[in-house]
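So the structure is just underneath, and the comments pick up after that.
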Amino acid sequence: MPADYTPATIASVRSLRDTLEQQGKKLVFTNGCFDLLHAGHVRYLEQARALGDAMVVALNSDHSVRQLKGPERPLNPEHDRAEVMAALRAVDAVVVFDDERATTLIEAIRPHVYAKGGDYTVESLNREERSALEAAGTQICILPLVPGRSTTRTINKMHGGASAAAPVADGTLRLAVLGSGSGSNLRAIIAAIADKKLKAEIAITLTDQAESSFRETARAAGVPALYVDGGENPRRLSDAAQKEIFEHLERARVDVVVLAGFMRILKEPVISAYVGRIVNVHPSLLPKFKGANAPQLAIDEGELETGCTVHLVTAEIDGGRILAQAKVPVNIGDTAETLHARIKVEEHKLLPQVLNEWRERGLPVRGAGAP
Ligand code: GRF
């Protein structure tokens, strides 16, 4: 491999594709970060290559790896990753791309076969990528993951093997904050950390809303602002999204997951892996008014008092053990908006306070998620 290796251009790969087509042959396309190559990657790439007559690997740039996997990745810079990848016998060309998704490349290259590894199904592929593939008439092939081989697992092993990290030595809590909306609770956590009322650091924030005030808040505070496409149902997470969120949390080695207005329901594997370590803030005095529209429900029911609750998250919606509550009066003439705004004022005090007390007392015993 010459030291002055340069990745292929999109134009050259497109022309390779056209030449193959004239010969009745097929170009296979796959994409990924390929940060720390292991035997699982090599076997996957061999299988993918066997689906056609030549294969191009679209490699995420360093910038897009950071967006996808968090600030500590990639371990190896894009030029090195491209050079190593191009040296594999299954790989005919490598292109580097700067987006989180490969949609533009798929549109430009129009590969004959698209290979994807892992637990995906055709349905759980990213929507934009999938429509680009369908528009190009590309055959989609999902290949099984090679069991026991994963970059995240290797990295965790290097960090001492623990996926359930203990708080760092000086007692600073490593948080992941998940949200979908205006991000006021995130701002309250950031402010409490800055004011030294909460000894914590935000390892990552994660949102299912690419353009949200929540994400803007994280960016403005210089905190990793990761986006996960949750899938079509606005209240549920696709299997692919659940898996992506789990991987982000594992990679960031967080102590506590904070749901601050995250509008989709978390399921496995996150719930079990973080049992007793996921908190949610909810705008009612639970167990009253679970689910959406809690301030409106309190008004409709003629309540004189409502409030907010910080609780542990279990598979039952808004049903985990209550950690703290604060009361808020319902005023005559209150609308859902005015009431919710006053509830949020209390949330902004309660959530950081609970997190800090939790830190001081130590993390709850694992398995303490039940009410
Ligand atoms: C809060 O009222 C919280 O109780 C609920 O969602 C809202 C999030 O607000 N789960 P924000 O995005 O933190 O401003």
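We're numbering straight along the sequence, starting at 1. We count ligands from 1, going down the list as the structure has it; atoms in each ligand are counted the same way. All heavy atoms count here, side chains included; hydrogens, waters and symmetry mates do not. Source: prediction; values computed, not measured.
Within the 4.0 Å heavy-atom shell around ligand 1 one finds G183. Heavy atoms of C308 come nearer than 4.0 angstrom to ligand 1 in no pair at all.
Between G181 and ligand 1, no pair of N/O atoms sits closer than 3.5 Å. Backbone and side-chain nitrogen or oxygen atoms of N280 are examined, and none is located within less than 3.5 angstrom of a nitrogen or oxygen of ligand 1.
What sits closest to atom 10 (N) of ligand 1 on the protein, heavy atoms only, is V281 O, 2.9 Å. Considering only non-hydrogen protein atoms, atom 9 (O) of ligand 1 sits nearest to K344 NZ, 3.1 Å. Among protein heavy atoms, atom 8 (C) of ligand 1 sits closest to G261 CA, 3.5 Å.
Side-chain polar atoms of T306 and K327 form no donor-acceptor pair below 3.5 angstrom. For the 3.5 Å distance criterion, the side chains of Y227 and D208 fail to qualify, holding no donor opposite an acceptor.
Proximity of H340 to ligand 1, defined as any heavy-atom pair under 4.0 Å, is confined to the side chain (atoms from C-beta onward).
Among E347, H348, R187, the residue whose heavy atom sits closest to atom 4 (O) of ligand 1 is E347.
Classification of the Y44-F34 ring pair by plane angle, with boundaries at 30° and 60°, yields parallel. In this pair, F29 and Y114 present their aromatic rings parallel. The plane angle is below 30°, not in the 30 to 60° band.
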*Applying salt bridge (charged side-chain N to carboxylate O under 4.0 Å, His left out), run through E46 and R43 and close with a yes or a no.*
CA-CA 5 Å; E46 294 276 346; R43 287 178 217 167; over 6 Å; no

*Candidate pair L339 and V328, rule side-chain contact (heavy atoms from CB on, under 4.5 Å), full reasoning*: CA-CA 8 Å; L339 179 56; V328 173; 4.3 Å; yes

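The H282 neighbourhood of ligand 1 comprises atoms 4 (O), with distances under 4.0 Å to a heavy atom of that residue.
Here the options are V257, V313, V258, the test is side-chain contact (heavy atoms from CB on, under 4.5 Å), and the partner is V279; only V258 passes.
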